[in-house]
Amino acid sequence: MPSELHTSRTRKWLLSSPPVEWASTQLKELFINSVRQGPVPQHVAFVMDGNRRFARKNHIETVEGHNMGFEALAKILEVCYKSGVKVVTVYAFSIENFKRPLHEVNALMEIAKIKLIQLCQHGDLLERYGASLRILGERDLVRPDVLEVIDEAVEMTKHNERSILNVCFPYTSRHEIASSIREIVSLSTSAPPAPPGSPSLSDDSSSSETTATPGLTDFESITQETLTDHLFTAGCPPLDLLVRTSGVSRLSDFMLWQCHKDTEIVFIDCLWPQFDIWKFLPILVDWGVKRKKLEKMGIVEVRREGARKDAELNSDRQRELEERRRARVSTF
């Protein structure tokens, strides 16, 4: 039997012929426009699972499987932004992936570096849809050369404010939540500057007992919103839809806090390099149909573009939090 890779390449060759390509493009646009007519998820997340299995199944190098995964991501991003999705968050590299063989970890880092360099040189997709790139994760675990390229790519797109691409790299939800708590505690235990003319520490032997620790003693003031506002995704709309490919039904430590009672979670039996518009559009349509029913029943709030304040992209807030995180990481 022909491998899935051979079938995929044959399909790609057929679709590249001018008449078929024209018809396919028109059909895609028709479907995307129909999706835009109804409720559209403002925040969609993807667990891009199955690159290695795709490579093994088709007898190609693991690196090639990851490369094909990045190609699939570019196509899905275009569908998302055309459909009206404001924020896309992708799970690119888990902290747990550092347990993989060193050569594979280095290869993944190189792929990320190359793709980010390409993005800097040919940032058409993000520029076209006004998308800013944000890398969410533990910066101190990333190689310096990759970190340099990351900062360049983020800087290049920082003025784009119509939509966001969050790339979780390297990331786990537990680390994100722990980071949020550390930041809250750090802010709570920072003593305010002493007013002019106030006595110095040396003036009062009991000053160590009265050192201000605003917020730390008032546990009731720390709410769910406090934690949410200090996550890597602070300022983004609530997570509406999470899709995981490869048929595995688990979250793998991804967006655990962001998943709420109205988040639709879809597990699809398809390896990530095979995930395309024709597999994704039915998911978007199904989400819109369910959302419309819930709106009519009054179970969820009617939400349209620009209608809710919490769906606005708070770019200044995110930049402020990112700068604060970098400063804190550099002190560890």
**Test log, rule side chain to side chain contact (heavy atoms under 4.5 Å, CB included), inputs V285 and V35** = CA-CA 6 Å; V285 171; V35 168; 3.8 Å; yes
Would you give the length of the straight line joining atom [atom1] of [X] to atom [atom2] of [Y], rounded to the nearest 0.5 angstrom?
X	Y	atom1	atom2	value
E138	C168	CD	SG	11.5 Å
F232	I177	CZ	CD1	10.5 Å
D253	I95	CG	CD1	8.5 Å
E110	D145	CD	CG	6.5 Å
E152	L116	CD	CG	9.5 Å
Y171	E176	OH	CD	3.5 Å

- Message: Under a 3.5 Å cutoff, is there a donor and acceptor pairing between the side chains of S173 and W257?
- Response: no
Would you please say whether a donor-acceptor pair under 3.5 Å links the side chains of Q258 and T233?
-> yes
Any side-chain to backbone donor/acceptor pair from [X] onto [Y]? Under 3.5 Å, distance only.
X	Y	result
H260	L239	yes
Y91	S252	yes
D276	K279	yes

Shortest non-hydrogen contact from [X] toward [Y]:
X	Y	answer
L256	L251	CD2-CD1, 3.8 Å
R100	V105	O-CG2, 3.8 Å
C80	F280	SG-CE2, 3.6 Å
T157	A131	CB-O, 3.8 Å

Original post:
Salt-bridged, E295 to R291, with N to O below 4.0 Å?
Top reply: yes
Item to complete: State plainly whether the residues K158 and E155 are in salt-bridge range, i.e. N to O under 4.0 Å.
Response: yes
Apply salt bridge (charged side-chain N to carboxylate O under 4.0 Å, His left out) to the pair R139 and D151, showing each step before the final yes or no. CA-CA 10 Å; R139 289 174 56 90; D151 290 339; 3.0 Å; yes
Handout entry: Pair L73-F46, side chain to side chain contact (heavy atoms under 4.5 Å, CB included): steps then yes or no
Key = CA-CA 9 Å; L73 173 61; F46 296 98; 5.5 Å; no
Exercise. Would you check, one step at a time, whether the test side chain to side chain contact (heavy atoms under 4.5 Å, CB included) holds for N106 with R143?
Key: CA-CA 9 Å; N106 287 333; R143 282 176 8 197; 3.7 Å; yes
| said: Run E148 and K113 through salt bridge (charged side-chain N to carboxylate O under 4.0 Å, His left out) and show every step you take. | reply: CA-CA 9 Å; E148 184 179 344; K113 183 178 175 181; over 6 Å; no
* Considering residues, nucleotides and ligands other than F31, do more than 12 of their heavy atoms fall under 6.0 Å from its CZ? -> no
